[in-house]
Amino acid sequence: GASAASTEDSWRKVNFHNVYKDIAALLEDESYDDGSYGPVFVRLAWHASGTYDVGSKTGGSNGATIRFSPEADHGANAGLGVARARLEPLKKKYPHISYGDLYTLAGVVGVQELGGPTVRWRPGRVDNKTKEQCTPDDRLPDAAQGADHVRAIFYRMGFDDQEIAALVGAHALGRCHSTRSGYEGPWNASPTAFTNFFYTELLQNTWVPKKWSGPFQFVDKPTGEFMMLPADLAFRTDPVFRRHAERYAADQDAFFADFAKAFSRLLELGVSFPADAPVYEFKALD
Ligand code: HEM
């Protein structure tokens, strides 16, 4: 039978335009969350990639160790099995795509199909890692912490303050789930649209501690409908992060351009691409 393993060259047999379309067809589902798997696909792509450590050159999307235990069970990855399960039929349909390519491409589809910028993406990740190469449980950010922690986590990936401030704008999408992270609620009223609303909500609202028995988080005053994580507030209180947040709140095009660059770079951390790997700029479907 056909081997489901991807090898170094097997991506050459895959028509990624077709994969893009097939992922896009998986997004909409009225019975799931706010009606789209886009946000959780973006989160899967980010958590598959954000484990990269520039110092040891370990982690990152190549090898897709996020699908193995113990990494799959790290607290930060709670709920991402839902996204992996949704994508699994495409791994069957396109056995030559690697999991790393599939998960990162799903993030690109999520951003673009929800109205975000075009994200340059290359294939070439290989399923060449085992569960022994799972990353330690300290690579992804802890939402309970502030600017120092956020910097330490993203500097380990090799990002600077501007890139960090741009990346977190993905918190325009989706929501927190008390059953996953423990936190609860969406960041704004249109969680299935990629916008600069993370920054506008963050800077224009009054954020007060949520009164509940769950983890410490903020809600907007007076409605209490929207939320911010303690780590999100760092982009309002830290003066350098705030300067970028203000720029992105005022200029959605600037946000889109910077997000697209930083997100593309995030998805490529630690991946060595073949010199002739094509760079795709997929067109959003309509
Ligand atoms: C959701 C933390 C950065 C994309 C979440 C959740 C937490 C969190 C706690 C809720 C998970 C749940 O309960 O389902 C953080 C922290 C960050 C950070 C502490 C760094 C300061 C990022 C970045 C991206 C991103 C860089 C992408 C570029 C998302 C998305 C969701 C999400 C799209 C919504 C997922 C859904 O609706 O299922 N994040 N995150 N986050 N995060 Fe982040």
Side-chain angles (χ1 to χ4, degrees), residues 27 29 32-52 61 74-84 86 103-104 106-111 113-114 116-117 119 138-157 159 161-188 190-195 197-198 202 214-218 227-238 241 244-245 255-256 258-267 269:
L27 294 182
D29 180 348
Y32 176 73
D33 263 13
D34 303 290
S36 174
Y37 279 86
V40 79
F41 285 175
V42 173
R43 185 161 156 89
L44 174 65
W46 134 238
H47 280 207
S49 309
T51 53
Y52 186 64
S61 62
H74 289 171
N77 290 329
L80 292 179
V82 167
R84 291 199 307 278
R86 184 86 173 163
Y103 296 166
T104 55
V108 170
V109 174
V111 167
E113 294 301 313
L114 297 181
V119 177
D138 63 358
R139 296 270 170 107
L140 294 165
D142 172 1
Q145 299 197 50
D148 290 352
H149 168 77
V150 169
R151 285 200 169 89
I153 291 286
F154 282 87
Y155 288 178
R156 176 162 55 199
M157 295 171 223
F159 287 113
D161 288 355
Q162 175 264 309
E163 293 172 301
I164 301 168
L167 284 168
V168 77
H171 282 176
L173 291 181
R175 59 170 56 245
C176 295
H177 306 75
S178 55
T179 53
R180 297 179 184 176
S181 61
Y183 298 99
E184 185 55 41
W187 284 269
N188 64 72
S190 46
T192 60
F194 194 94
T195 61
F197 290 1
F198 173 73
L202 179 70
F216 183 82
Q217 67 169 74
F218 295 91
M227 67 91 57
M228 287 285 161
L229 300 163
D232 291 325
L233 259 292
F235 296 87
R236 176 173 164 141
T237 54
D238 178 88
F241 283 154
H244 296 296
F255 166 53
F256 273 30
D258 287 0
F259 179 85
K261 262 189 229 138
F263 192 58
S264 181
R265 199 157 96 63
L266 170 66
L267 303 186
L269 294 176

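Ligands are counted one by one from 1 in listed order, and the atoms in each one are counted from 1 as well.
Using modelled atom types, no side-chain atom of H47 and backbone atom of L140 make a donor-acceptor pair closer than 3.5 Å. Side-chain atoms of S61 come within 3.5 Å of backbone N or O of L267 as a donor-acceptor pair.
Residue, atom and distance of the protein heavy atom nearest to atom 2 (C) of ligand 1 are L229 CD1, 3.6 Å. Annotation: atom 16 (C) of ligand 1 to nearest protein heavy atom, P141 CG, 3.8 Å. The protein heavy-atom contact nearest to atom 33 (C) of ligand 1 is P39 O, 3.3 Å. Looking from atom 19 (C) of ligand 1 to the surrounding protein, the closest heavy atom is A143 CA, 3.5 Å. Summary of contacts: the protein heavy atom closest to atom 43 (Fe) of ligand 1 is H171 NE2, 2.1 Å. S181 OG, 2.6 Å is the protein heavy atom nearest to atom 13 (O) of ligand 1. At the top of the distance list for atom 14 (O) of ligand 1, counting protein heavy atoms only, stands H177 ND1, 2.6 Å. The shortest contact between atom 8 (C) of ligand 1 and any protein heavy atom is with R43 NH1, 3.3 Å.
Here is the list of ligand 1 atoms found below 4.0 Å of a heavy atom in R180: 12 (C), 13 (O), 14 (O), 38 (O). Which parts of ligand 1 touch V40 is read off a 4.0 Å heavy-atom cut-off, strictly below it: atoms 38 (O). Proximity to C176 (heavy-atom distance under 4.0 Å) selects the following atoms of ligand 1: 6 (C), 10 (C), 12 (C), 13 (O).
A parallel orientation is assigned to the rings of Y37 and Y32, their planes being inclined by less than 30° (bins at 30° and 60°). The aromatic rings of F263 and F259 lie parallel to each other, their planes meeting at an angle below 30°, with 60° marking the opposite boundary.
Side-chain contact between W187 and F197 is absent, with no heavy-atom pair separated by less than 4.5 Å. Annotation: side chain of S36 is in contact with side chain of L114 (closest heavy-atom distance under 4.5 Å). No side-chain heavy atom of D161 sits under 4.5 Å from any side-chain heavy atom of F154.
For the side chain to side chain contact (heavy atoms under 4.5 Å, CB included) test with R86, the passing option among D29, V40, L27 is D29; the others fail.
Between the CZ atom of R265 and the CZ atom of F159 there is a distance of 5.0 Å, given to the nearest 0.5 Å.
For the pair Y32 and ligand 1, the shortest N or O to N or O distance does not fall below 3.5 Å. Remark: ligand 1 and D142 share no N or O pair separated by less than 3.5 Å (distance only, no angle test).
Under 4.0 Å from ligand 1, not a single heavy atom of D232 appears. Only side-chain heavy atoms of F154 come within less than 4.0 Å of ligand 1; its backbone N, CA, C and O stay farther off.
Ligand 1 has at least one atom lying under 4.0 Å from a heavy atom of W187.
A donor-acceptor pair shorter than 3.5 Å can be found between the side chains of H171 and D232.
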